[in-house]
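Read through the structure below, which is laid out as structure tokens, and then see the notes.
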There are 2 protein chains.
Amino acid sequence: MSKLSGGAAASRIPEATVARLPVYLRALNSLADAGTTTCSSEHLAGAAGVNSAKLRKDLSHLGSYGTRGVGYDVEYLRYQIAREIGQTHDWPVVIVGIGNLGHALANYSGFSSRGFRTVALLDADPARTGQVVAGTEIRPFGDLAGIVSEHGVAIGVIAAPASAAQDVADAMVAAGIRSILNFAPAVLAVPEEVDVRKVDLSIELQILAYHEQRKSGLDGAEAI
Amino acid sequence: MSKLSGGAAASRIPEATVARLPVYLRALNSLADAGTTTCSSEHLAGAAGVNSAKLRKDLSHLGSYGTRGVGYDVEYLRYQIAREIGQTHDWPVVIVGIGNLGHALANYSGFSSRGFRTVALLDADPARTGQVVAGTEIRPFGDLAGIVSEHGVAIGVIAAPASAAQDVADAMVAAGIRSILNFAPAVLAVPEEVDVRKVDLSIELQILAYHEQRKSGLDGAEAI
DNA sequence: TAGATTGTTAATCGATTAACAATC
DNA sequence: TAGATTGTTAATCGATTAACAATC
């Protein structure tokens, strides 16, 4: 096996590292905005909220983009991470279920600024179709397959109620979508080649409550 | 060291387990709603989207709530998990920043059904104060400390813009809040006794895009 | 008793961390 | 050269998984 091309990542990057790369990228953007051109691992780690050993270990999976004794060039490292996580691409996205949350997601600027382009908003409720949200008209759910093939949509966002989530996922998979971000509090059954990530707002709150209970000594698990 | 009282959890539960307990609870609620009174670890694991070995290992940290050869009593296990993660308590919550996302959170039924009670919505923008969202009037950010002490608020939710997030966190900490759910894309500096969990909508999408890029062979990391 | 299923053990795997040799 | 900082090593820690003894 020969060497990889110019500093390219060797095979596989650990999941934990992948999850932190967007955080580093955001921190680098802040540094660049502040006019910083070079930073040490210590500096960048501080801005990202991790320790420097972890940061250097994570970056080592991508390649050697720093200079010993000097640090990292902000602009160069930023580009390398952006390329690695696909932020140099344009990602057409559809959002299904335009209730309160779908509404918020459609308006969320953090998507468009990272290469995600919302090509359509869909809702199964006829009362909602035709409404304009974030400058885009809501279309009927049945239009999904056509929109996916027309725009080459690879990523779908489910903001529908839990009761509809599996149907939406099935339709997305049938339409050719292989990556799903699911905000519905439901476990989705999908073929193994489909990647599902779940964001559950109330679960995060429940995890906090668990720790809060421990801190407050309110838990019912004390010894007699 | 003597035995703990009736099946109470021994000391500490692993973080990974804590994060899954709300998922099990949700699955148990579904089973109960469907009229199921008893379930095996295999059955419950399927409903929760994990494998049964992991489920049994997780539950073993709480105590022995199953019956060998039989399975788990749905209602009993549900109560035990609810108690363990503090869902038998009432948790007063404040939400700060009532833009699109704050609006969606205020209307999210998944909070109230799990013991979280939104006692106030706050916003620094005078143009928003007085507006009624989800049946609650938006109040000025300056009211935070009074509301926290009045209602004994232990958990704060930040849905403000990133630029304001640290100020909001500082005010929450000063007011006595020790658990924060942060939706702003910002790294917060807080005293170590304060627990911060972060939900970042665009990071989840970026993780999906990374894997999608790999699947599609679009990544710039291939060998020459 | 025979069949079923839990709770636990032990092996494996992946993530974190500190320390430091390499090197700018 | 001396000082600084990366990239890597090796140790540690925590999570996952399969297998099975315990026991209903």
Side-chain angles (χ1 to χ4, degrees), chain A residues 3-4 6-21 23-24 27-28 31 36-74 76-78 80-81 84 207 211, chain B residues 3-4 6-21 23-24 27-28 31 36-74 76-78 80-81 84 207 211:
Chain A
K3 287 276 182 176
L4 296 176
S11 51
R12 206 122 290 291
I13 297 179
E15 266 311 300
T17 297
V18 170
R20 282 187 294 265
L21 291 178
V23 180
Y24 301 153
L28 284 165
L31 292 180
T36 307
T37 57
T38 297
C39 67
S40 66
S41 62
E42 197 71 46
H43 187 185
L44 180 55
V50 303
N51 68 50
S52 64
K54 189 185 279 181
L55 171 72
R56 288 199 303 277
K57 182 70 167 172
D58 283 340
L59 294 184
S60 76
H61 294 293
L62 311 194
S64 292
Y65 296 136
T67 306
R68 286 162 136 105
V70 177
Y72 300 92
D73 181 273
V74 170
Y76 180 63
L77 183 58
R78 176 158 80 142
Q80 294 300 339
I81 295 178
E84 187 66 36
I207 296 170
H211 292 295
Chain B
K3 288 274 182 177
L4 297 175
S11 52
R12 207 123 288 292
I13 297 179
E15 267 310 301
T17 297
V18 170
R20 283 187 295 265
L21 291 178
V23 180
Y24 301 153
L28 285 165
L31 292 180
T36 308
T37 58
T38 296
C39 68
S40 66
S41 62
E42 197 71 48
H43 187 183
L44 180 55
V50 302
N51 69 50
S52 64
K54 188 185 279 181
L55 172 72
R56 289 198 302 279
K57 182 71 168 169
D58 283 340
L59 294 184
S60 75
H61 293 294
L62 311 194
S64 293
Y65 296 135
T67 306
R68 287 163 136 105
V70 177
Y72 301 91
D73 181 273
V74 170
Y76 181 62
L77 184 58
R78 176 158 79 143
Q80 294 299 341
I81 295 179
E84 187 65 37
I207 296 170
H211 292 295

Exercise for review: Report yes if a side-chain nitrogen or oxygen of A:Ser41 is closer than 4.0 Å to either non-bridging phosphate oxygen (OP1 or OP2) of D:dT6; otherwise report no.
Suggested key: yes
Check your understanding: Does C:dG7 have OP1 or OP2 sitting under 4.0 Å from an N or O in the side chain of B:Tyr72?
Key -> yes
Point to revise | A:Leu44 side chain reached by A:Leu77 side chain, heavy atoms, under 4.5 Å | key: yes
Exercise for review: Quickly work out the A:His61 NE2 to D:dG7 C1' distance and round it to whole Å.
Suggested key: 11 Å
Exercise for review: Indicate yes or no: at least one non-hydrogen side-chain atom of A:Leu59 is less than 4.5 angstrom from one of A:Ile81.
Suggested key: yes
**Study point:** Identified pairing partner of D:dT8, criterion: Watson-Crick or G-U wobble below 3.5 Å
**Key:** C:dA19
**Study point:** Side-chain heavy atoms of B:Leu55 within contact of B:Tyr24, under 4.5 Å
**Key:** yes
Practice item. Please state how far atom NE2 in B:His43 lies from atom P in C:dA4, giving the value in whole angstrom units. Key: 17 Å
Review point. Can you name the nearest heavy-atom pair linking B:Leu62 to B:Tyr65, along with the distance?
Key: O-OH, 3.6 Å
Check your understanding: Rounded to whole angstroms, how far apart are CD on B:Glu15 and C1' on C:dA15?
Key -> 15 Å
Exercise for review: Tell me what A:Glu42 touches on the nucleic acid: a base, only sugar-phosphate, or nothing, going by heavy atoms under 4.0 Å.
Suggested key: nothing
Review point. OH of B:Tyr76 versus P of C:dT6: gap in Å, rounded?
Key: 15 Å
Point to revise | Identity of whatever pairs with C:dC24 - Watson-Crick or G-U, under 3.5 angstrom | key: D:dG3
Practice item. Once you apply the 3.5 Å cut-off to both distances, tell me the Watson-Crick or G-U wobble partner of C:dG14, or none. Key: D:dC13
**Study point:** Listed nucleotide nearest any side-chain atom of B:Ala16, set D:dT6, C:dT6, D:dA15
**Key:** D:dA15
**Study point:** Heavy-atom pair of closest approach, residues B:His61 and B:Thr17
**Key:** CD2-OG1, 3.8 Å
Exercise for review: For the side chain of A:Lys57, starting at C-beta, report the closest nucleotide among D:dT9, C:dT6, D:dT16.
Suggested key: D:dT9
Check your understanding: Per the atom types in the model, does the base of D:dT23 pair as donor or acceptor with the side chain of B:Arg68 at under 3.5 Å?
Key -> no
**Study point:** Distance, rounded to the nearest Å, where A:Arg12 contributes CZ and C:dA15 contributes P
**Key:** 12 Å
Practice item. Rounded to the nearest angstrom, tell me the gap between atom OH in B:Tyr65 and atom C1' in D:dC24. Key: 19 Å
Point to revise | Interatomic distance where CG belongs to B:Leu62 and P belongs to C:dT8 [whole Å] | key: 12 Å
Check your understanding: How long is the line joining CG of A:Leu77 and P of D:dT5, in whole Å?
Key -> 16 Å
**Study point:** Side chains of A:Val74 and A:Leu28 in contact at under 4.5 Å (non-hydrogen atoms)
**Key:** yes
Exercise for review: Please round to the nearest 0.5 Å and tell me the distance separating atom CD1 of B:Ile13 and atom CD of B:Glu84.
Suggested key: 3.5 Å
Point to revise | Minimum heavy-atom distance between A:Ser40 and A:Tyr72, given as atom pair plus value | key: C-CD1, 4.4 Å
Revision key, fill the gap. Judged by nearest nucleotide, the residue sitting upstream toward the 5' end of DNA chain C, B:Ser60 or A:Thr67, is B:Ser60
Check your understanding: Considering only heavy atoms, which members of residues 49-56 of chain B lie under 4.0 Å from some atom of DNA chain D?
Key -> B:Asn51, B:Ala53, B:Lys54, B:Arg56
